[in-house]
K.L.:
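Take this structure, written in structure tokens, and hold onto it; I'll ask about it next.
One-based numbering, in listed order, for ligands and for the atoms of each.
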Amino acid sequence: MKIVMLGAPGAGKGTQAKKIAEKYGVPHISTGDIFRANIKNNTELGKKAKEFMDQGLLVPDELTLDLIMDRFKQDDCKNGYVLDGFPRTIPQAEALTKALTEAGEKLDYAINVEVPDENIVTRMSGRRACIACGGTYHIVFNPTKQEGVCDACGGGLVLRDDDKPETVAKRLTVYHDQTSPLIAYYKGQGILKDVDGTKDVAEVFNDIVGILG
Ligand code: ADP
Ligand code: AMP
């Protein structure tokens, strides 16, 4: 099963992608998580990516494509994957289509998690991310059992630098300009499925399972 998650930053792509990965036994691949791991490890890629991420801008396609094509070569991708945060531009989507076509493969679904902009700032300012495992929580909508501690691995939680309100506004503009055209792109491929992302986490997941079967 090969799935792409679409939606604005903070729509709940990562939250749902983790649940899909667990239920259907495919890896959850988040380009954002991979960039953040590189930043944490102070790699050359991490240093380059950080310049863009901190400003709410996209990392250039070339860097992102090298990274994801490399990830697809790993063994765990044999039975598919759920992509979260990739593709984010039309050239990225075209590169993915080309790579899949050349391998005789195709995507099954593009799940578009719809959440209006006015809900996004509340979602992002309350988001807390685990620095160790990438787990994502919300101080009101999805709190951890113990404040500031990841339920999954016991790691410490942080407010991401790019979740500050001024950066979130920039990321939303970038989303509308560069990423939202992917909705029409995947509609054209006949694989787009919209879900209402304003419902609670369990209900959104239920709707997604209704689509994936
Ligand atoms: P994305 O991966 O699309 O950027 P996340 O999955 O990280 O978004 O979700 C953004 C924030 O909103 C997180 O704090 C998450 O816990 C919270 N969240 C996710 N889904 C919902 C939902 N259906 N209702 C309320 N809050 C949610
Ligand atoms: P995310 O964790 O998906 O919210 O991504 C955080 C940031 O990483 C984004 O704001 C971008 O700067 C960068 N990023 C993640 N995925 C991509 C991508 N596919 N293309 C370009 N930049 C990306």
K.L.:
For ligand 2, is any non-hydrogen atom under 4.0 Å from V59's backbone (N, CA, C, O), its side chain (CB onward), both, or neither?
P.N.:
both
K.L.:
Considering all heavy atoms of both residues, which atom of L45 and which atom of L67 are nearest to each other, and what is their separation?
P.N.:
CD2-CD1, 3.2 Å
K.L.:
Considering the heavy atoms of A8, write down every atom of ligand 1 situated less than 4.0 Å from one of them.
P.N.:
3 (O)
K.L.:
For atom 23 (N) of ligand 1, which candidate among R127, K199, Q16, R160 provides the closest heavy atom?
P.N.:
K199
K.L.:
Looking at N142 and H138, would you say the former's side chain and the latter's main chain have a donor-acceptor pair under 3.5 Å?
P.N.:
no
K.L.:
Which ligand 1 atoms, with their elements, are less than 4.0 angstrom from a heavy-atom of G14?
P.N.:
1 (P), 2 (O), 6 (O)
K.L.:
Which of these, G126, G32, G10, has its nearest heavy atom closest to atom 10 (C) of ligand 1?
P.N.:
G10
K.L.:
For atom 4 (O) of ligand 2, find the nearest protein heavy atom and state the residue, atom name and distance (0.1 Å precision).
P.N.:
R171 NH2, 2.9 Å
K.L.:
Does the side chain of T144 come within less than 4.5 Å of C130's, by heavy atoms?
P.N.:
no
K.L.:
Do any heavy atoms of R160 fall under 4.0 Å from ligand 2?
P.N.:
yes
K.L.:
Is the Lys NZ or Arg CZ of K19 less than 6.0 Å from the centre of F205's six-membered ring, within 45° of the axis?
P.N.:
yes
K.L.:
Tell me whether G56 has any N or O atom under 3.5 angstrom from an N or O of ligand 2.
P.N.:
no
K.L.:
For ligand 2, which is the ligand I care about here, please tell me if T31 has any N or O atom under 3.5 Å from one of the ligand's N or O atoms.
P.N.:
yes
K.L.:
Could you tell me whether the side chain of V4 reaches within less than 4.5 Å of the side chain of L96, counting heavy atoms only?
P.N.:
yes
K.L.:
With atom 24 (N) of ligand 1 as the reference point, say which of H138, R123, R128, R171 has the nearest heavy atom.
P.N.:
R123
K.L.:
Near Q92, which atoms of ligand 2 are under 4.0 Å from a heavy atom of that residue?
P.N.:
18 (C), 19 (N), 20 (N), 21 (C)
K.L.:
Indicate, as side chain, backbone, both or neither, the part of D61 found under 4.0 angstrom from ligand 2 when only non-hydrogen atoms are considered.
P.N.:
neither
K.L.:
Assign the ring pair F72 / F86 to parallel, tilted or perpendicular, where the plane angle (0 to 90°) is split at 30° and 60°.
P.N.:
perpendicular
K.L.:
Please confirm whether R88 comes within less than 3.5 Å of ligand 2 when only nitrogen or oxygen atoms on both sides are compared.
P.N.:
yes
K.L.:
Would you indicate whether the side-chain heavy atoms of M1 and N79 approach each other to under 4.5 Å?
P.N.:
no
K.L.:
Would you mind running through ligand 2 and noting each atom that sits below 4.0 Å from a heavy atom of M53?
P.N.:
7 (C), 8 (O), 12 (O), 13 (C)
K.L.:
What I want to know is whether P87 and ligand 2 share at least one N or O pair that is separated by under 3.5 angstrom.
P.N.:
no
K.L.:
Looking at ligand 2, does any of its N/O atoms fall within less than 3.5 Å of an N/O of D84?
P.N.:
no
